[in-house]
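For this chain, numbers begin at 1 and follow the sequence in order.
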Amino acid sequence: MLRSILLALDDTPGAIAARDYALALARHTGAAMTAAVILDRRDLTDAHEAVPPGAGAFKERRDAALLRQTQEAGAAAVAGLREAAGDFPFTVQELAAAPAPALLAAAGAHDLLIVGRDSSLGREAAEDGLAPVIEALLHDRTRPLLVVPPGARFDPAASALVAYDGSPGAMRAVQLFALLGLGRYGATVLSVAEDEEEAAALAGTAAGFLQCHDVPAKALPVIGTHPVEALLAEAAAMPAGMLVMGAYEHTGLRALFTGSATKHLLRRAPCAIFAAH
């Protein structure tokens with residue numbers, strides 16, 4: 001069962017949605033919540049930065065201003081979380097390192113890491129609305145990741161959509177989804193294959209596993225060659241409360257969980273994505 005959540009705190013629209021999603025999920029499950037504030041000092045402690053003669057004082061003032069801005073932004077994000085949380089308790093953890101390694105290290109003490117899809121986490125630019133830290137987090141096997149897009153809300157009664165292709169990443173995602181107790185209100189398992197029998201066998205395998213863990217699950221085999229489009233269409237039609245999927249498989253045999261397909265889903269999914277590697 002879900003016992004501990006780590007939230008990457010930020011002030012982007014997706015990060016605010018992630019904050020509210022994490023709070024609602026923590027309230028619903030009784031999980032403890034820790035908010036991680038990134039204080040990335042890479043730009044402030046680079047000993048190899050070239051400094052022209054006489055510019056040392058300018059660099060010191062600039063670094064002090066950047067640090068102050070970072071601290072003020074973090075304090076504002078914590079204040080926003082405190083207002084949104086009301087009387088719900090949470091812990092704040094300051095991480096003084098680059099976002100990816102800092103969050104990977106901190107996530108080891110928690111069951112689930114939640115991050116906004118567009119989170120800048122300091123000074124990182126989110127190209128096409130997708131935070132660069134997400135790729136690094138998905139490549140690591142420390143903890144499952146929940147990516148929340150702007151506007152997404154936690155609905156405890158909404159069914160999840162499970163993408164399943166039989167790959168190790170998909171198997172791990174389904175297992176963690178069940179063991180963390182996130183599927184208590186049901187799930188639809190969607191599998192795509194050119195052969196109807198293969199699609200049915202894949203979807204039935206994952207649905208059967210979920211049913212063994214008391215998750216009301218149904219199989220949805222789809223005949224075709226475009227799993228990403230099938231998932232996006234079904235997620236919107238349900239509408240899905242969460243999309244469960246593996247990430248970054250490199251077997252060369254499955255089309256769904258390659259890096260490019262994963263990024264495409266992350267950018268376009270209308271709901272939060274629960275991803276495991």
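- Considering every non-hydrogen atom in both Leu161 and Ala235, the closest pair reads CD2-N, 3.6 Å.
- Between atom CG of residue Leu138 and atom CE of residue Met245 there is a gap of 8.0 Å, rounded to the nearest 0.5 Å.
- Taking every heavy atom of both residues into account, Ala136 and Leu104 meet most closely at O-CD1, 4.4 Å.
- Pairing each heavy atom of Val115 with each of Ala8, the nearest pair is CG2-CB, 4.0 Å.
- Counting only residues at least two apart or in different chains, ring-ring contact (aromatic ring centres under 6.0 Å, His included) contacts with residues 204-223 comprise Phe209-His213.
- Between the side chain of Asp118 and the backbone N or O of Gly14 there is at least one donor-acceptor pair closer than 3.5 Å.
- Minimum interatomic distance between Ala77 and Asp10 (heavy atoms only, all atoms of both residues): CB-O, 4.3 Å.
- The two atoms that bring Ala24 and Phe154 nearest to each other are CB-CD2, 3.7 Å, heavy atoms only.
- Going from atom OG1 of Thr29 over to atom CZ of Arg184 covers 7.0 Å, rounded to the nearest 0.5 Å.
- The shortest distance between side-chain heavy atoms of Ile38 and Leu103 falls below 4.5 Å.
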(message) Working note: Leu210 + Phe177, criterion side chain to side chain contact (heavy atoms under 4.5 Å, CB included); need CA distance, chi angles, decisive distance, verdict.
(response) CA-CA 9 Å; Leu210 291 172; Phe177 170 72; 3.9 Å; yes

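- Here the options are Thr34, Leu81, Leu9, the test is side-chain contact (heavy atoms from CB on, under 4.5 Å), and the partner is Phe90; only Leu81 passes.
- Put simply, CG on Leu113 and CG on Leu146 are 9.0 Å apart, with the number rounded to the nearest 0.5 Å.
- The main-chain N or O of Ala84 is never found under 3.5 Å from a side-chain atom of Arg19 such that the two would form a donor-acceptor pair.
- Of all heavy-atom pairs between Gly116 and Ala131, the closest is O-CB, 4.3 Å.
- Ile16 is not connected to Val92 by any chain of hydrophobic side-chain contacts under 4.5 Å among Ile, Leu, Val, Met, Phe, Trp and Tyr, and they are in different clusters.
- Expressed to the nearest 0.5 Å, how far CZ of Arg27 lies from CG of Leu25 amounts to 11.5 Å.
- Atom OG of Ser119 sits about 10.0 Å away from atom CG of Leu130, to the nearest 0.5 Å.
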